[in-house]
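What you see is a predicted model; the values in this text were computed from it and never measured.
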Amino acid sequence: MVHHPTDDLLRVDDLSVEFRTANGVARVVDSVAFSVPRGGALGIVGESGSGKSMTSLAIMGLLPKGGSASGSIRFDGQDLLSVRGNAMRRIRGDRIAMIFQDPLSSLNPYYTVGVQIAEAYRSHRTGVSRKQAKRVAIEAMERVHIHDAARRADHYPHQFSGGMRQRIMIAMALSMEPDLIIADEPTTALDVTVQAQILDLLAEIRRDTGAGLILITHDLAVVSEVADRIVVMRGGRLVEEGAVEDVFSDPQHEYTRRLLDAVPRIDDRIGELRTTAIPVVTEKEKR
Ligand SMILES: Nc1ncnc2c1ncn2[C@@H]1O[C@H](COP(=O)(O)OP(=O)(O)O)[C@@H](O)[C@H]1O
Ligand SMILES: [Mg+2]
């Protein structure tokens, strides 16, 4: 029998991230704690610079140079902060997949998208032929509703729109059958209609695959669409945590209230939000 110490897929405790800089140590994430149950969806919300991306990069073991994480990050019972090198590379991609704001910077302009999905898949699966991997790539593209996937697989990134490129990144993540998907501002670069389509897709994937999801955004409306729980971050700290309905109907902190004030009324039809969503702050930075 497989024994899990907790029901949580991911449990983050007392996580801090520090950078050594010329002016001393900057603590950009300060003792945050949250968890994601198996198949659950957590939204991490906060203005630009609040430490959302650094939190997710710490989970992935991908902090930029000079950054270090402390505390505990337990994924499926394993402490990720003590996993190094190849073992972490296997977890990343294979079990935890990440989707970023700007799909173009994650795609290679010189290879077709089919080849890129297939090669990413092959790099995590031993003994898979190119032909088999190509089939996986096309299936993954079909799952994210790219029409005529077999033909589109032979196209290059620049031949796709921003929304389609984000679908391709999601297809790449899905092909690995991850247990957890971390999407960092996946819709920020997209126009509102396309945003709604990508959020629908993420919600659908979560339903159909049972994968856990962390959705990071500066836009509270985005979270209400997909997540069950929400943590609000400010200046590296966690200021509020709770079920999405509770945080929306009864925010405990002034900061959360201000974020909510920028969102249209949500009372009963939260789903309608997505078509009227306006960003809380404009976030131009890449991650
Ligand atoms: N390489 C770095 N060195 C030092 N500080 C950094 C570095 N990268 C980001 N930061 C700082 O960390 C803080 C949190 O950044 P980030 O997690 O990217 O915020 P968010 O994703 O919420 O917009 C910001 O104040 C940012 O300036
Ligand atoms: Mg960010």
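- Contact between Ile230 and Leu42 at its shortest, heavy atoms only, is N-CD1, 4.1 Å.
- The shortest heavy-atom contact between Gly40 and Val36 is O-CG1, 3.6 Å.
- Residues Phe100 and Glu185 have side chains not in contact (no heavy-atom distance under 4.5 Å, counting atoms from C-beta outward).
- The cluster map of Ile, Leu, Val, Met, Phe, Trp and Tyr, joined by side-chain heavy atoms under 4.5 Å apart, puts Tyr156 and Met164 in different clusters.
- For the atom pair CG of Asp30 and CG of Leu15, the computed distance is 10.0 Å after rounding to the nearest 0.5 Å.
- In terms of the side chain to side chain donor-acceptor pair (under 3.5 Å) criterion, residue partners of Ser129 (sequence neighbours excluded) are, by chain and number, Gln132.
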Full working for salt bridge (Lys or Arg N to Asp or Glu O under 4.0 Å) between Arg92 and Asp94: CA-CA 5 Å; Arg92 199 160 56 222; Asp94 218 359; over 6 Å; no
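- In the model, Glu204 has a side-chain atom that pairs as donor or acceptor with a side-chain atom of His145 under 3.5 Å.
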Determine, stepwise, if the pair Leu107 / Gln116 fulfils side-chain contact (heavy atoms from CB on, under 4.5 Å). CA-CA 8 Å; Leu107 287 165; Gln116 291 185 65; 3.7 Å; yes
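- Counting non-hydrogen atoms of other residues, nucleotides and ligands closer than 6.0 Å to CZ of Arg125 gives a total above 12.
- Looking only at side-chain heavy atoms (C-beta outward), Glu18 and Val28 stay at 4.5 Å or farther from each other.
- Not counting sequence neighbours, the partners of Arg257 by the salt bridge (charged side-chain N to carboxylate O under 4.0 Å, His left out) test are Glu254.
- Listed by chain and residue number, nothing satisfies the salt bridge (charged side-chain N to carboxylate O under 4.0 Å, His left out) test with Arg152 (two or more places apart in sequence, or in another chain).
- Between the CD atom of Glu225 and the CG atom of Leu220 there is a distance of 13.5 Å, given to the nearest 0.5 Å.
- At a cut-off of 3.5 Å, with distance as the only test, a side-chain donor of Asp184 or Ser53 sits close to an acceptor on the other residue.
- If you chain together hydrophobic residues whose side chains sit under 4.5 Å apart, Ile170 and Val115 never meet in one group.
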Can you list the steps and then say if Asp79 with Arg74 is a salt bridge (Lys or Arg N to Asp or Glu O under 4.0 Å)? CA-CA 4 Å; Asp79 183 6; Arg74 292 192 78 76; 5.1 Å; no
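- With sequence neighbours left out, the side chain to side chain donor-acceptor pair (under 3.5 Å) criterion links Glu119 to Arg122.
- A donor-acceptor pair is defined here as one N or O able to donate and one able to accept, closer than 3.5 Å; such a pair exists between the side chain of Lys52 and the backbone of Glu47.
- Proximity of Ser175 to Ile117: side-chain heavy atoms (C-beta onward) are separated by under 4.5 Å at one or more points.
- Residues meeting the salt bridge (charged side-chain N to carboxylate O under 4.0 Å, His left out) test with Arg151, sequence neighbours left out: Asp148.
- Put simply, Val113 and Met176 are part of two different groups of oily side chains (I, L, V, M, F, W, Y) that touch within less than 4.5 Å, one to the next.
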Donor-acceptor pairs are to be reported for all side-chain atoms of residues 57-73 against protein atoms at under 3.5 Å, with residues two or more places apart or in another chain.
none

Walk me through it: do Val83 and Phe75 pass the test side-chain contact (heavy atoms from CB on, under 4.5 Å)? CA-CA 11 Å; Val83 179; Phe75 173 71; over 6 Å; no
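- Contact between Ala227 and Gly43 at its shortest, heavy atoms only, is CB-N, 3.5 Å.
- By the side-chain contact (heavy atoms from CB on, under 4.5 Å) test, Thr193 pairs with Asp191, Gln197, sequence neighbours left out.
- Every residue meeting the side-chain contact (heavy atoms from CB on, under 4.5 Å) condition with Arg143, not counting sequence neighbours, appears here in chain and number order: Leu174, Thr209.
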Kindly determine whether Ile91 and Gln78 satisfy side-chain contact (heavy atoms from CB on, under 4.5 Å), including the steps that lead there. CA-CA 10 Å; Ile91 292 173; Gln78 196 174 15; 3.5 Å; yes
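- Looking at Thr21, its side chain does come within 3.5 Å of a backbone N or O of Gly24 through a donor-acceptor pair.
- Scanning all heavy atoms of the two residues, the minimum distance from Ile216 to Pro186 falls at O-CD, 3.9 Å.
- Asp208 is linked by a side chain to side chain donor-acceptor pair (under 3.5 Å) to nothing, counting only residues two or more places apart in sequence or in another chain.
- Take Glu240 and apply the side chain to side chain donor-acceptor pair (under 3.5 Å) test, not counting sequence neighbours, and it matches Thr256.
- Following chains of ILVMFWY side-chain contacts shorter than 4.5 Å, one cannot reach Tyr121 starting from Val144, and the two form parts of different hydrophobic clusters.
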Salt bridge (Lys or Arg N to Asp or Glu O under 4.0 Å) between Arg229 and Asp246, worked out: CA-CA 9 Å; Arg229 292 190 70 80; Asp246 295 342; over 6 Å; no
Can you list the steps and then say if Val223 with Ile44 is a side-chain contact (heavy atoms from CB on, under 4.5 Å)? CA-CA 8 Å; Val223 161; Ile44 302 183; over 6 Å; no
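- Remark: His218 NE2 to Ser48 OG distance equals 8.5 Å, nearest 0.5 Å.
- Checked by atom type and distance alone, the side chain of Asn108 pairs as donor or acceptor with a backbone atom of Tyr110 at under 3.5 Å.
- With sequence neighbours excluded, no residue satisfies salt bridge (charged side-chain N to carboxylate O under 4.0 Å, His left out) with Arg234.
- For the pair Ile182 and Ser56, the tightest heavy-atom approach, listed with the atom from each and the gap, is CG2-CB, 3.7 Å.
- Asp13 is not listed as a side-chain neighbour of Phe34, based on a closest heavy-atom distance of 4.5 Å or more.
- Residue pairs meeting the side-chain hydrogen bond (donor to acceptor under 3.5 Å, both in side chains) criterion with at least one partner in residues 159-170, sequence neighbours excluded, do not occur; the list is empty.
- Atoms OG1 and CG, on Thr187 and Asp219 in that order, are 7.0 Å from each other to the nearest 0.5 Å.
- Closest approach of Gly236 and Val32 over heavy atoms only: O-CG1, 3.5 Å.
- Taking NZ from Lys134 and CD from Glu139, the interatomic distance works out to 13.0 Å, rounded to the nearest 0.5 Å.
- Under the 4.5 Å side-chain criterion, counting only non-hydrogen atoms from C-beta, Ile181 is not in contact with Ile214.
- Rounding to the nearest 0.5 Å places CE of Met169 at 11.0 Å from CE of Met98.
- Around the NE2 atom of His158, the shell of radius 6.0 Å holds more than 12 heavy atoms that belong to other residues, nucleotides or ligands.
- Under a hydrophobic-cluster definition in which Ile, Leu, Val, Met, Phe, Trp and Tyr are linked whenever side-chain heavy atoms come within less than 4.5 Å, directly or via other members, Leu104 and Val194 are assigned to different clusters.
- Asp76 places none of its side-chain heavy atoms less than 4.5 Å from the side chain of Asp8.
- Side-chain atoms of Ser16 and Arg27 include a donor-acceptor pair closer than 3.5 Å.
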